[in-house]
Number of protein chains: 2
Amino acid sequence: MEFNEAKNKFVQTWGALGSQWGINKTMAQIHALLMVSAEPLSMEDIMEALHISRGNASMNLRGLMDWGIVYKEYKAGERKEFFTAEKDLDELAVKISQERSKREIKPALKILKEVSSIEGNNSAEAKHFIEQTTKLHDFVLKADNVLDKITEYKDNWLTKLVIKIMK
Amino acid sequence: MEFNEAKNKFVQTWGALGSQWGINKTMAQIHALLMVSAEPLSMEDIMEALHISRGNASMNLRGLMDWGIVYKEYKAGERKEFFTAEKDLDELAVKISQERSKREIKPALKILKEVSSIEGNNSAEAKHFIEQTTKLHDFVLKADNVLDKITEYKDNWLTKLVIKIMK
DNA sequence: CTAAAGTTTCAAAAATAATTGAAAGTTTAT
DNA sequence: ATAAACTTTCAATTATTTTTGAAACTTTAG
């Protein structure tokens, strides 16, 4: 396999995988592209590499920057903006898990708390509902905390985790 | 909040959350509904509760069974099939992580291995590509192994993990 | 200040994914 | 063997999400 073919395959695969995880294809592709680019890329570069429109590139780059995993860079003497991806994988994983926690887990916990706290319901059905949603709340809360703790290491959290788990 | 309102809110929220995670809304809703139902539900029950068609219910129930998190049950003397969800959260998490590993992580690893193994490329660009995809491969592989190890405990893996991590 | 270079926004169009519903397929009781 | 009860399948429809492209906006150089 030749370099450009491999690069293309990587970008495509990452894009497809993104879809399965609720991230839009283009966003995942842009991220993949930036991950393997030695140099920062301009919006033009990205548009050309992925055959996408200016608007699409702009919106998805904004999205990636909101996740904190892509940065703007300015090159000396250049008017254009350039973009780079967070290439440190530990840092990347930490950022993603922090954002997902903030955007999805925390709001879900709030709802779980709410619905598991209904009162004055004494049917067997209601009892089971309360029990189950309470368990779910506690489970998700615990998992969220573990994630928090794990990623607190920042550097080499995965390696440290491997060591803890394996022994 | 009254019981039915709470139940509805829970099902809706779980459905919305599912979408964000690449699971279709109805599938997530059916799962949510079964999770909080004290009794197994028939297809009719589910269709009525979620206002969905027979075909939709059938396909998504099949999907959930393929994930191994919803089971068919037969009630004595009843012709109809009934469905229940895996309600043990440890078991649920284990099943989900095993399936995702099999369906998504393993194939991704294969591609990463492939694209990071290109040869005879000595441009700086190609070198960076190989380096980055190799790192990614090793990272994902390690994470997949950790997940495997963790869920091997089956029972109370989360609790055991909390203990390991916190101390 | 003005024009050029660049970026963002957003309504409309296109692409993708989910859903329906009816026909085909199964299973079971008699 | 047959008919009733029930489930599955899938082409067509509907809903949702993504993408485009051109206008509006912003910034910078001269």
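Computed over heavy atoms, backbone and side chain alike; hydrogens, waters and symmetry mates excluded. So that the names make sense, note that chain A is the first sequence line, chain B the second, and so on, each numbered from 1.
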My understanding is that only residues two or more places apart in sequence, or in another chain, count here; which of them pass ring pair (Phe, Tyr, Trp, His ring centres under 6.0 Å) with Phe3(B)?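 Expected list: Phe129(A).
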[X] [atom1] to [N] [atom2], straight-line distance once rounded to whole Å:
X        : N       : atom1 : atom2 : value
Gln20(B) : dA17(C) : CD    : C1'   : 17 Å
Arg62(B) : dG25(C) : CZ    : C1'   : 14 Å
Glu73(A) : dT7(C)  : CD    : P     : 14 Å
Lys75(A) : dG6(C)  : NZ    : P     : 13 Å
Met43(B) : dA5(D)  : CE    : C1'   : 12 Å
Ile46(A) : dT19(D) : CD1   : P     : 14 Å
Tyr74(A) : dT7(C)  : OH    : C1'   : 10 Å

Which residues pass the side chain to side chain contact (heavy atoms under 4.5 Å, CB included) test with Ala28(B), not counting sequence neighbours?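 Applying side chain to side chain contact (heavy atoms under 4.5 Å, CB included) to Ala28(B) gives Ile23(B).
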Contact list for [range], test salt bridge (charged side-chain N to carboxylate O under 4.0 Å, His left out), sequence neighbours left out:
range                       : value
residues 45-55 of chain A   : Glu44(A)-Arg54(A)
residues 6-16 of chain A    : Lys7(A)-Glu125(B), Lys9(A)-Glu114(B)
residues 131-142 of chain B : Glu131(B)-Lys135(B)
residues 17-28 of chain B   : none

Can you pull the ring pair (Phe, Tyr, Trp, His ring centres under 6.0 Å) pairs that have at least one residue in residues 39-65 of chain A, sequence neighbours excluded?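 Output for this query is empty, none listed.
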With a cut-off of less than 4.0 Å, is there a side-chain N or O of Lys80(B) near OP1 or OP2 of dT27(C)?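 For dT27(C), OP1/OP2 do not have a side-chain N/O of Lys80(B) under 4.0 Å.
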Heavy-atom side-chain proximity of Glu104(A) to Trp21(B) below 4.5 angstrom: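 They are in contact (side-chain heavy atoms under 4.5 Å apart), so the answer is yes.
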Per-nucleotide protein contact string for nucleotides 25-30 of chain D, where B marks a base within reach and S marks sugar-phosphate only (heavy atoms under 4.0 Å, - for neither): --BB--
Go along nucleotides 18-23 of chain C 5' to 3' and tag each nucleotide: B for a protein heavy atom under 4.0 Å from its base, S when only backbone or sugar atoms are that close, - otherwise. SSBB--
Are there more than 12 heavy atoms of other residues, nucleotides or ligands under 6.0 Å from atom CZ of Arg62(B)?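 It does not: Arg62(B) CZ has 12 such atoms or fewer within range.
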